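Below is one structure; the comments refer to it alone.
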Amino acid sequence: MKAISVEEAVAMIPAGASVMVGGFMGVGTPERLLDEVVRQHKTGLVLISNDAATPGKGVGKLFDAGLVSRLTASHIGLNPKAQQQMLANQIAVDLIPQGTLVERIRAGGCGLGGVLTPTGVGTTVAEGKRQIEIDGKAFLLETAVRAQFALVHAFLADYLGNLSYALTARNFNPVMAMAADTVIVTAEHIVPVGVIAPDHVVTPAPLVDYLIANE
Amino acid sequence: MKAISVEEAVAMIPAGASVMVGGFMGVGTPERLLDEVVRQHKTGLVLISNDAATPGKGVGKLFDAGLVSRLTASHIGLNPKAQQQMLANQIAVDLIPQGTLVERIRAGGCGLGGVLTPTGVGTTVAEGKRQIEIDGKAFLLETAVRAQFALVHAFLADYLGNLSYALTARNFNPVMAMAADTVIVTAEHIVPVGVIAPDHVVTPAPLVDYLIANE
Amino acid sequence: MDAQEIIGRRVARELRTGHLVNLGIGIPTLVANYVPSDIKVFFQSENGLIGTGPIPEQGMAHPHLTDAGGRPISALPGACTFDSAMSFGLIRGGHLDVTVLGGLQVDAEGHLANWMIPGKMVPGMGGAMDLVSGAKRVIVAMQHAAKGKSKIVRKCTLPLTSSRIIDLVVTDIAVIGFPDGKAMLMETAPGVTVAEVMAVTEAELVIPDTVPEMTI
Amino acid sequence: MDAQEIIGRRVARELRTGHLVNLGIGIPTLVANYVPSDIKVFFQSENGLIGTGPIPEQGMAHPHLTDAGGRPISALPGACTFDSAMSFGLIRGGHLDVTVLGGLQVDAEGHLANWMIPGKMVPGMGGAMDLVSGAKRVIVAMQHAAKGKSKIVRKCTLPLTSSRIIDLVVTDIAVIGFPDGKAMLMETAPGVTVAEVMAVTEAELVIPDTVPEMTI
């Protein structure tokens, strides 16, 4: 793990990169990283996040700035800008059931090729997917998802990079922290080693590549 | 969640039941429940556990008492009695890679039909299994595993049934607590509601059916 | 009593002590207000919490503690938090006793459509498909009709949320179940006749000999 | 220096600061003793711990803190614990930089057999198959021969642990790699000649022009 500035961290992300961003309706999203992505105007991003948040908040900022070319999410209904950009074909959108989305990301992080889920069988979600029967019950084969970068927000990070999360700000963050080539983390508080008890660490330090340092 | 005596809890388990038991080499195993299973002499058990522990410890006690008819585990090499019973065809043994075993149990608990794992491709483990290619890479389709009962050991249990675990005694316990029809828990300490902080609960209370009460 | 309160009160009567329950956005959210004080249920918010409490008092909201719509909530003693993989493991794995969702259409066979109107409203399904596929019981809480048009239809024309048959629909005028895969009128709202329900319902309803009045 | 120390010291030189490393039971466990003090690695124990420390001092062992063999260990500051699903997510997901395992046979193509001897030893594969399938680098640490028989064989006769080609074998007399899928002699132990290694190796070895001596 390396502690770096937010400018340096975002400079590593090329235009057009695939980027997972933690958070759920802007809760538990690494806002400082997104502000810097906007400032450095990283265009054409392939975004993977639970939702599109709302304008001005969380990943919503990326739609405000027109930086997203493709979105994989479970819900975008509360962001009119993302909806407009989708309907105007400015961004391609893959809408995926939330439980399927998180399992696909988990599979990507855990070295699984995919999972079999009952969700979506018999609906439009099943179109183009392999359907597999197990003991007479139908499941969709949903494949693993990974990204080049994961932008993660934690509550506590220790000097080694161990992370813990607070309340509902945990959401997709720990799963995404396993599923990208490069994991960049912001934390509410950076604390000495040992402040987070071993049983309370949610994301082990070796998963974290970069921690945004205090200024 | 209902608090009951260890005698009542074990009395619910019929002979021949499928039973998942948490623990790893006897660490984090609900010993009080196993002692009572032995005392009530529940025969013909279909046991699912990471390993066979050692004679006299953890699930090893079940082999000492000759109560196991079938075992699904990843390793039994440190229990000579289990090995003897396997070689004498007294018990049927399915040996499964540890990471595959835990994912199969997790799938059972999470409503997935199975997962695709690279582990075992090209080995004897692949025999009789569906092999699925994703983007040119081969995976084995490993199906979900569930049991009638899960016997789980926690460090803390609160009055509602929220559980937390200590150090390496966590292992298979939280995953098994999701994958059985009836979940029975022993805890090192039963504590008031609120003693386990929300972010530190590992097994949510609604998953627990029975907690073994203090005497 | 307005339509929403009738629905909320009637759905609340389906809950039992110990149930793990997920309430969708809109009318379903109101159910929490009508749970009898002797019934202790666990409410799950799919963004990662069991034990949701009411809106916090002025000045106590925490930005890290919200419902699935991003609105501040509180947490009751004994609450627990987890990541989205665990949250949907609970939902898809059959650990959720009851999910209460809104609906756009429910058809005579018990299918639910509630996540999109092609060409008009494409917000994404969020957690709805997992909830309907995975919960032990699925209860749809919605107005019986919208703009004078029955939402209990012969056959869903909107994309389905799941191929799974739902368990119960509670509307402002009726309770409908699906024994044997056919819509059956189970109860009517106070002051509403069976004939009145039939008149505003597109789907054919099985009508038992006696249709009791909702207790709310 | 005995055979095990040679192997342990040489494998330790493969580790880099920041690496996440899993050490198997037996000779691999010894590697931890020889990591240079300026190299800070994370050791994972697959039963659910990163940050394993040495055997605790007398009276300090805790029954809930053991290695994968069930023996008491300690945890270093900054350690973290997790369940078995997470442990194997780390292993299978490519987050483990190095796994060091014992071996029964390694063949000329780089295949490893280390988990059973049909009819004789059927202990189960434990985590070995996931470790070999998932780790970024697989290093086998073993004696070059057992009972006078080469363990570096032409073709594995025992059941394979994985179809994945391992990266390095470190024995008491040689280091062998598998560039282009063929066993190549990379280094010899101090005082051991290339001819001596070839004489006790069943597999055909590619011999480069210069074969340096191990630094240990």
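The sequence lines fix the lettering, A, B, ..., with proteins before strands; numbering per chain opens at 1. What you are looking at is a predicted structure, and each value in this text was computed from that prediction instead of being measured.
- Annotation: residues 186-197 of chain A contacts chain C through A:Glu188 [non-hydrogen atoms, separation under 4.5 Å].
- Among pairs with a residue in residues 120-138 of chain A, those fulfilling side-chain hydrogen bond (donor to acceptor under 3.5 Å, both in side chains) read A:Lys129-A:Glu142, at least two apart in sequence or across chains.
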Anything under 3.5 Å between a donor and an acceptor, one on a side chain of residues 95-116 of chain A, the other on a protein residue two or more places apart or in another chain? List them.
from	atom 1	to	atom 2	distance (Å)
A:Gln98	NE2	A:Asn50	OD1	3.2
A:Gln98	NE2	A:Ser74	OG	3.2
A:Glu103	OE1	B:Arg106	NH1	3.1
A:Glu103	OE2	B:Arg106	NH1	3.2
A:Glu103	OE2	B:Arg106	NH2	2.7
A:Arg104	NE	A:Thr143	O	2.7
A:Arg104	NH2	A:Thr143	OG1	3.4
A:Arg106	NH1	B:Glu103	OE1	3.1
A:Arg106	NH1	B:Glu103	OE2	3.2
A:Arg106	NH2	B:Glu103	OE2	2.7

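- Only the side chain of A:Phe155 comes within contact range of chain C, judged by heavy atoms closer than 4.5 Å.
- By number of non-hydrogen pairs under 4.5 angstrom with chain A, the leading residue of C:Met116, C:Arg92, C:His111, C:Met121 is C:Arg92.
- Here C:Leu65 is the residue among C:Ile73, C:Leu160, C:Leu65, C:Val132 with the most heavy-atom pairs under 4.5 Å with chain A.
- Panel note: side chain C:Ser150, backbone C:Glu202; a donor-acceptor pair is recorded below 3.5 Å.
- Applying the salt bridge (Lys or Arg N to Asp or Glu O under 4.0 Å) rule to C:Asp97 yields the partners C:Lys136; only residues at least two apart in sequence or on another chain are considered.
- For A:Phe172, the parts lying under 4.5 angstrom from a heavy atom of chain C are both the backbone and the side chain.
- Heavy-atom pairs under 4.5 Å with chain A peak, among C:Ala85, C:Ala128, C:Ser87, C:Ala113, at C:Ala85.
- There is a side-chain donor-acceptor pair under 3.5 Å between C:Gln105 and C:Thr157.
- In summary, C:Lys155 and C:Glu109 engage in a salt bridge, as defined by a charged side-chain N under 4.0 Å from a carboxylate O.
- To the nearest 0.5 Å, atom OG1 of residue C:Thr161 and atom CG of residue C:Leu131 are 10.5 Å apart.
- Salt bridge status for A:Glu31 with A:Lys61: present, with a side-chain N to carboxylate O gap under 4.0 Å.
- With chain C as the partner, the residue from A:Ile76, A:Thr168, A:Thr117 showing the most heavy-atom pairs under 4.5 Å is A:Thr168.
- In terms of heavy-atom pairs under 4.5 angstrom with chain A, the leader among C:Pro159, C:Ala68, C:Gly48 is C:Ala68.
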